[in-house]
Every structure is written in C-alpha cells, then in structure tokens.
4 protein chains.
Amino acid sequence: MTAGTTRDRITQTALKLFTAKGYDKTSLREIAEHLGVTKAAVYYHFKTKEDILTALFAERIRPVEALIAWMQGQAPGPSTRQEALRRYAAEVAHVTPLFGIFQDNGGALRNLAIAATYRDVMKGLMDLFLDPEADLASQLRCVLALLVVHGAPQALAGIGNSTKEERAAALAVALELLVSADSARFLLGDAHASEAQLPL
Amino acid sequence: MTAGTTRDRITQTALKLFTAKGYDKTSLREIAEHLGVTKAAVYYHFKTKEDILTALFAERIRPVEALIAWMQGQAPGPSTRQEALRRYAAEVAHVTPLFGIFQDNGGALRNLAIAATYRDVMKGLMDLFLDPEADLASQLRCVLALLVVHGAPQALAGIGNSTKEERAAALAVALELLVSADSARFLLGDAHASEAQLPL
Amino acid sequence: MTAGTTRDRITQTALKLFTAKGYDKTSLREIAEHLGVTKAAVYYHFKTKEDILTALFAERIRPVEALIAWMQGQAPGPSTRQEALRRYAAEVAHVTPLFGIFQDNGGALRNLAIAATYRDVMKGLMDLFLDPEADLASQLRCVLALLVVHGAPQALAGIGNSTKEERAAALAVALELLVSADSARFLLGDAHASEAQLPL
Amino acid sequence: MTAGTTRDRITQTALKLFTAKGYDKTSLREIAEHLGVTKAAVYYHFKTKEDILTALFAERIRPVEALIAWMQGQAPGPSTRQEALRRYAAEVAHVTPLFGIFQDNGGALRNLAIAATYRDVMKGLMDLFLDPEADLASQLRCVLALLVVHGAPQALAGIGNSTKEERAAALAVALELLVSADSARFLLGDAHASEAQLPL
DNA sequence: AATGAATGAGAGTTCATTCAT
DNA sequence: CATGAATGAACTCTCATTCAT
C-alpha cells in the first residue's frame, strides 16, 4: 500500500485498457492520462510498454504454473486430468481477462517475448493432457476441453448468460470431452469410439 | 488473370502479410514494397487500408453465406445441422486463413466495419445451430462444434499434423458434439443428461 | 458546341468547385468525378490545374479590360469615373464569383502567375480612379468605391438581401464615396473637381 | 518570458508563416524547421495544426470582445458607434495581421471551427453597428466603416504609405461613413440621428 | 517519485502529374 | 479523346522512448 501504489495502479489500468482496446491500440499516453500522471511517470516504473504486460502476466500466470506442478506430482491418468480441469476452471476464472489479451492480440503480440512465454506455459499444460500416441480426434478433444473452460466466457459472450452458470456448463462440457478422449484411448485400435457418445 | 493483375497481387500479398504479422502491424509500405510498387499505386486500387481487408473478406465470405441460405431452405433438425457442419468443413477450409485474421486481431479490428460484418455473418450461422431454449451446455456444444471445424488448423498448429487428417478429426469431433447436444435436447426436461455421456 | 464541349464543362465545374470549396481544396479528382470523366481526361484539355484557373480567368477578365480601355479613351475626371463605376457595376456583376476565388484564396494563390495578372489588371483599373497627389483619405475613398461595387455581394452575405437591391445600394454608396473623394480634392484646389460632387 | 518559450516561439513563427504563405500552404515541417525543432516537438505543444491557429486567435480576439462588451454597456446611438470605431482603430490595429489570415484564407479555413468563431465575433460586433430597419445603403455604409478601419492596411498595401497615416485616414473615412449612415437614418425619421452628421 | 520537453521513426492518406495504350 | 496505372513528394498526426531537472 505504501510502496508500489502507483506501480499497481498502472498495471491495473493497463489490464483494463489492454482488455478493452487491445494492447497495440492502447498507448502509454492513454494509460498515463487515465491515472492522472505523465507518461514519464509510467516510465519511471516500467522500462518499457512490454514490461507492463510482462508484469501483468507474471502476477497472474502463477496459478497455471502451480497447476502444472501439481499434475506433475500426480500419477498421470483420467482422474488426474479431470481433477486438473476442475482446478483450472476454479483458479483460472479470474485470470481469464488477461488471457483474452493474448487471444485477441495474436497479431499485435507475436513478437513480444512474453507471448512466447505464455505459449510455452500453455503448451506445457496441454502436454500433460495430451497423449501423443492417441489418435488425432482424442487429442483434439483434450485441446477443446482445456479451451472450453479457458475461453467459454468470451465464446459465449454473444449469448449472454450469467458468468457463473456459464462456467459450470463449460466445465461440464469440458469433462465430457475429456472422458470421451479417454474412452477412445481405452478402446485401443477403435478409431472413433462412436458408441460411447450415443445417447441412451 | 489478364485484367486486374496488380489489384489481385495486392490482395494476395495483403492476405499473406495480414496473416503473418497481423493487420495493424502490416503497413502499406510493406505491402507495396513486397510488390515492387509505390504506396500510391496501392492507393490507386484501394481507397483505404481497410478496403483491402474488406475486399479480401468479400471474396471469401460467400461460401458461408451460401451455407446459411442452404440451411434456411432446409427443415431445421439434427440431420440438417450435421450436413451443414460437413459442408462447412468442406467449403470453408481454404478460407480459414482469412478468418484467422479476425481471430488474431480482435484488438486491432474492433473498430473496423468489416469486423462487425464478419461477426454478424458468423452469428447468423451460429443461430441456425443454436436452440435458444436448450440448456447452456448444449448451446456450448454447438458453439464448440462450429468452432472446432472452423479453428482446428490454428488450434492444432502447435501439434503440427497433416492438414487433411486434422480436418477429418475436427469434423468427427464436431459431429460428436452436435449429436451430444441434440441428445440432450431430446431428453427434454432433463437439465444435464449427464449420465448419457458417461462411457460405459 | 461540337468542339470543346468537355473543355467547357471542365471550366464550368471548376468555377463552381473553386468558388464553393476554394482552389486548393478542390482536387482534380473531384473535378473529374463531378464530370464523370477521368483525371487524365482533364489533363488532355489542360496541361495544369493552374491552367484551368487561367482559362477561367481569361474568359472573364475581358469586360474589366474593356472598361480600362474605355476610361483611357475618355477625358479623366469625376464624371468619367462615375460612369466607369456604373459600368463596372453593370458588367462585372456576373463575373464576381470568379473574383471571389482570388479574394478568398489569397493564401493559396499567392504563387500562381494568374494571381499576379489579376492584381495587375485590378491595379490598372484602380490607378485610373486614383489621383496619386490626392490626400490619403481620398485615395481610400476611391479604393472603397471600387471595392464596394466589387465586393458587396460577399460583404452583405450575412445580411441577406436580394442581390439586385444590394447592387443598387452598393452603387449608390460607391458613387457617394467617389463624390466625396472628388469634393475633397476640389476643396484642396484640384482642377478636376466639379460642382456636381457637392452633396445636396 | 521564462516559461513557455518554445510554445510562444511556435505561435509567433506560425503567425509569421500563416500570414506570409497562407494557413494551408504552411506545413508543420516548415514551422518546426524555422524553429530548429522537430515536428513532434510542435505536436507536444499543440495537439493539432488547427490548435495553433486557435491559440493565435484566442490571444488576439480579446480586445474585440472587450469592445463588444463596452458597446453593450453604452446607450446605443451615433456617438457610441463613433467612439467604438475610434477604439477599434486604436486597439485592433496590431491584431490585424491575424485577421488577414482569415480574410486571405477563406477557402482554406472554411471548415475550421475557429473560423466560425471568428465570423461569430465579427458578426456580433457588426450587429451593434447595424440598424436592421435602416435602408440597405446605410447598412452598407456601416459595414464599410468597420471594414475600412479593419482592412485598410491590406487594402492599401499596393499604395504603400506609412501605416500610421493610413490608419488615421482610414478612421477619418470610416467616421464619415458612419455619420453618413446616421444622417440617412435621420432623414428617414430615425430618432437617434443628430444634426452633427449633416454635411457642411 | 515524477515532470516537461523533445526526438526519430513511421503510419495512412492525398495530390498533381505522366505516359503507354 | 480519353483511360488505367503508376509515381514522387508532401502532408497531418501518433507512438514509444529518453533525459535533464
């Protein structure tokens, strides 16, 4: 509260603006003006515009890294993956807006170091869900499972439901996909595992 | 082929660069230099940078509109939706890079008229898949179904499989999701139909 | 009618646009578009944008030159000047919009050869009204006399009366100023002044 | 003098250049180069090219507004108008070059907000001189009276006399016109006119 | 801890003009 | 008589960044 107050206000404002208008379309002038300080003041706290994003990211990526660490300490398998998904849904929800920046600004961020880091972390998480020997469809199901808990808020924005219910539905569908992937894996050699999906 | 050579070369180069570096990060100077002409030459063919994107889009959105028209001519129902998904996969594949621009540049494009058009067309298609009275999870499944055939190439880019197989897998998973959504719908009154998905 | 049709349409359109928006703010593209032809077509008829203005001017400056010639053929004196003013009012009225271009675009035209020509012609006319040995105030009155018949339409635009009455009033005031100038000259012992100028 | 040095140098240079070459024909590059700074430095002090003109204007229009306020505090009538004219000549003289910009650049400035403001202020002043029920000629005389003290320097530029004498002559002629206007009013039964205006 | 002033690079856009066809 | 294509120069303006104070 005493130290770093301004620094924090900068990151907060930046997150708000980056999310609302995109990283590239948010200028340092805007950030500074929103805070009632000068650009130079921002530069006192951050060497670079990119540094703001980096700080933003570092503050918020930890739960994901913690989740990765947790998974690495468990025996791999369906139940671990399912529990991981549940945890991801629970812990990553409030972080989502940050990730929206990466999703929405692929073009703008392609050259930033932090974007590579983000991709690496996400890939690391993904790799713990994927069985490289499984068939393509199953891999896709896993990717989708993560993606749906990750991105449901954005994806459903057009439909407009309460965020809480959305997340519950997203988790349900995600688990469904995971289960489906695992069952395909289980029925080794069967390319489609089609009967598993038949409603009964 | 004979007429409009330069104009076409502009759109092609622009598509390549917009996809590779993002819309905002691609300057008209770059486009012009890639073509060995001056910026002014580009402006002879397109009144605006945005116009290039608009032309790009107009050339390529037609199959989606055709699909929408086709669906509107069919009786709504699971089999129509499934066939629509198959057609989408077949006809939209070669268009995907364009859409990647929209996906990747949400931030940069938010204010462009063409982005709104894109969203409108996509929403129109989506609405033909969604049953507004179905439960949230089923709606999500439909969204995902479209999204996976639409975005699989990008989503799997990190895994790097042959595009052809990818699309087949994406379609399989998408159909699976559609079926799952319809089965939930079928079990009217049951909010979750959760056991139906359990692999047995 | 057969030859030069397009040429004439160009000058007419140019006059309209130059008057409405200013010379500099009117681009050749606009002129061409208003006519439904290409810029290159305009360049077929005029080597230069300035050439259009020059042609416009040449077509319309003749009455002023004729007036100058007429004055030079008369004995200098109050009655000649008064008659000249009357003729100016009568013959220059329909030309005024062209001169508005020069008045309104001093900045824009300062470097154009035609602007110098315009100034020279006007100066030539003025010199026939001015007695270089008269006192400053009288010279000013003469300048004003010409200026008021010349510019009354523009000057009174804000008040908004019928053009015809405006011109009558302008001429009346202009003659008044001339008379006043001459009477001052007379009172200082000038040989040219006649009794006709005394008010009443 | 100590603070705002650069800002002031910008407005001064801009005034000089706007006057010499016209607003449109003066580029920011030129202004910057004349000052030995970069374009961006100019943009640090003024958000817009138009802003420079606006600042220029705001600094200099005050005497005119003060004059308007003074007139509004007086009883309307010939002597007030005459005194107002004298004050205008005294206080507005050093401001004239600015107004020359507006006079000379009608075309270029038509769309600038500041030009509308200028016209409004001038119209406000004019309205205090004009009797809307007077005859057209008298209205013209009033307009001319203002115009001649306002524009004499420019109008007489071709004749080239000492500015001081010019202004005296301009004021004399202007007062003459005012008197003439009021006497006409009197002869038509207006209550304000006094015998002082009758020539002799 | 923060400011005011300035910079260099580059963006999109517009214009008058040219020339082969 | 006219077009389509292209150019070079200029323009206003914005941005991330630096630095002395």
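Chain A is the first sequence line, chain B the second, and so forth, proteins listed ahead of strands; every chain is numbered from 1. Note that the structure is a prediction, hence the values are computed from the model and not measured.
Here the P atom of nucleotide F:dA16 and the CG atom of A:Asp51 are 14 Å apart, to the nearest Å. Here the C1' atom of nucleotide F:dA16 and the CG atom of A:Asn111 are 15 Å apart, to the nearest Å. Taking atom CZ on B:Arg7 and atom C1' on F:dA6, their separation rounds to 16 Å, with Å as the unit. Atom OH of A:Tyr44 is separated from atom P of E:dA1 by 4 Å (rounded to the nearest Å). Across the protein-nucleic acid pair, D:Glu33 atom CD and E:dT7 atom P stand 12 Å apart, rounded to whole Å. Between B:Leu35 atom CG and F:dT7 atom C1' there is a gap of 15 Å when expressed in whole angstrom units.
Contact detail for D:Thr11 and D:Asp8: the closest heavy-atom pair is OG1-O, 2.8 Å. Across all their heavy atoms, D:Arg110 and C:Thr19 have their closest contact at NH2-O, 3.7 Å. Taking every heavy atom of both residues into account, A:Thr13 and A:Ile31 meet most closely at CG2-O, 4.2 Å. The two residues A:Asp24 and A:Lys49 make their nearest non-hydrogen contact at O-NZ, 3.8 Å. Annotation for A:Ala113 and A:Glu50: closest pair N-OE2, 3.0 Å, computed over non-hydrogen atoms. When all heavy atoms are compared, the tightest approach of A:Ala115 to A:Leu109 is CB-O, 3.4 Å.
Note: C:Tyr118 and C:His150 have tilted aromatic rings, judged against thresholds of 30 and 60 degrees for the angle between ring planes.
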Where protein sits on nucleotides 14-21 of chain E, one letter per nucleotide: B base, S sugar-phosphate only, - none, heavy atoms under 4.0 Å: BBBBBB--
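Just one of C:Leu15, C:Thr26, C:Ile114 meets the side-chain contact (heavy atoms from CB on, under 4.5 Å) condition when paired with C:Leu53; it is C:Ile114.
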Strand DNA chain E as a dot-bracket string - pairs counted if Watson-Crick or G-U with both distances under 3.5 Å, | where the partner lies in another strand: .||||||||||||||||||||
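DNA chain F is contacted by both C:Ala41 and B:Gly36; C:Ala41 maps to the nucleotide lying nearer its 5′ end (nearest heavy atom per residue).
The ring-ring contact (aromatic ring centres under 6.0 Å, His included) search around B:Phe57 returns B:Phe102, not counting sequence neighbours.
Residue A:His45 places at least one side-chain N or O under 4.0 Å from the OP1 or OP2 atom of E:dA2. Put simply, C:Thr6 has a side-chain N or O that comes within less than 4.0 Å of OP1 or OP2 on F:dA2.
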